[in-house]
Amino acid sequence: MTLRIATWNINSVRIRIPLLKRLVREAAPDIVCLQETKVEDASFPLEELKALGFPHVHFSGQKSYNGMALLSKIKLDKVQCMAMAGSDHKRHMAATLPGGVELHNFYVPAGGDIPDPKLNPAYGFKLRFVEEMTDWARKKKGAKMILLGDLNIAPLPHDVWSHKQLLKVVSHTPAEVERLDALKEALTWCDVARHFKPEEKLYSWWSYRNRDWRKSDRGRRLDHIWVTPPLTPALKAFHIHKNARDWDSPSDHVPVMIDIGL
DNA sequence: ATGGTAGGTCTCCTA
């Protein structure tokens with residue numbers, strides 16, 4: 001079977017149900033992995049999401065911040081939300097797909113504004129979080145896995161609108177990129193976006209603070225889908241649903257998706 | 001060099 005799997009930092013699931021509906025209409029994903037649902041479980045809009053055509057909905061959230069969800073047309077096994085980096089933040093949710101393929105949905109901390117762990121604890125937390133992901137990955141040698149989500153790091157020069165102007169901006173600093181590279185090396189992950197589009201500028205996020213995001217086009221590729229080498233031959237397509245940035249009351253991130261044969 | 005917007009709210013914090 002071919003599955004279309006999407007990742008989307010939705011920045012509040014409750015106010016964007018119409019946008020999820022539109023994503024379903026335009027792209028028909030089989031599985032949607034959400035970050036930043038910003039809602040505690042008691043207030044999660046379960047029935048509304050089931051009504052969009054996802055009988056299998058899993059979520060783990062907290063008030064105001066973070067929060068993960070998986071929406072699926074197929075049954076998911078071994079669904080769990082794991083604590084990361086010594087915090088109680090909801091930033092990692094996993095499930096098992098047909099064929100024993102593990103799906104891992106991550107929301108890496110944004111890391112604040114100042115790229116110095118001594119002055120800005122949020123930045124230190126972000127670096128430690130990625131280091132812990134790397135320790136975790138090293139224990140997973142040989143597994144068939146998909147890692148996706150808002151990793152809040154744009155690693156390559158053509159993942160940002162200006163490499164030079166962003167070198168000291170959190171999301172593109174050498175310290176972050178080094179750590180993301182170490183995570184990528186740990187299992188020789190395939191970065192699916194670059195597997196299909198190795199050279200061109202690619203972004204998945206545009207700040208709310210630009211009055212015309214399309215005209216200024218100061219984007220960054222913060223949202224990623226990676227697969228372990230045994231899954232690389234199964235990749236069929238990659239797509240960034242850029243038009244979603246123009247929808248009414250949009251998230252600052254757009255959905256990113258793959259088609260993969262499992 | 002600066003400030004710009006959005007969401008959920010612990011009317012500020014995080015992004």
Problem set entry | Under 3.5 Å donor-acceptor, A:R91 side chain and A:Y107 backbone | yes

Protein and nucleotides 1-3 of chain B: nitrogen or oxygen contacts under 3.5 angstrom:
none

For this session: For residues A:F129 and A:H89, establish whether the separation of their ring centroids is below 6.0 Å.
Result: no

Exercise. So, A:N210 side chain and A:D217 main chain: donor-acceptor pair closer than 3.5 Å or not?
Worked result: no

For this session: For A:W161, check ring-ring contact (aromatic ring centres under 6.0 Å, His included) against everything at least two apart and list the hits.
Result: none

For this session: Identify whether any heavy atom of A:R91 sits under 4.0 Å from a base atom; if not, whether one sits that close to sugar-phosphate; answer base, sugar-phosphate or nothing.
Result: sugar-phosphate

Problem set entry | Given A:R194, A:R220, A:H172, the one that forms side chain to side chain donor-acceptor pair (under 3.5 Å) with A:D159 | A:R194

Exercise. Can we call the ring centroids of A:H56 and A:H58 under 6.0 Å apart?
Worked result: no

For this session: Indicate, with a heavy-atom threshold strictly under 4.0 Å, whether A:R14 touches base, sugar-phosphate, or nothing.
Result: sugar-phosphate

Exercise. If you find the nucleotide of DNA chain B closest to A:N9 and the one closest to A:R211, which residue's nucleotide is nearer the 5' end?
Worked result: A:R211

Exercise. CD1 of A:I114 versus C1' of B:dA15: gap in Å, rounded?
Worked result: 15 Å

For this session: Using atom types as modelled and distance alone, determine if a side-chain donor or acceptor of A:H253 lies under 3.5 Å from a backbone N or O of A:L222.
Result: no

Problem set entry | Spatial distance of atom OG (A:S64) from atom CD (A:E36) [nearest 0.5 Å] | 11.0 Å

Exercise. Which is true for A:S249 with a 4.0 Å heavy-atom rule: it touches a base, it touches only sugar-phosphate, or it touches nothing?
Worked result: sugar-phosphate

Exercise. Quick one: on DNA chain B, does A:A110 or A:R16 contact a more 5' nucleotide (nearest heavy atom)?
Worked result: A:R16

Distances under 3.5 Å only, N/O to N/O: pair up the protein atoms with those of nucleotides 10-13 of chain B.
none

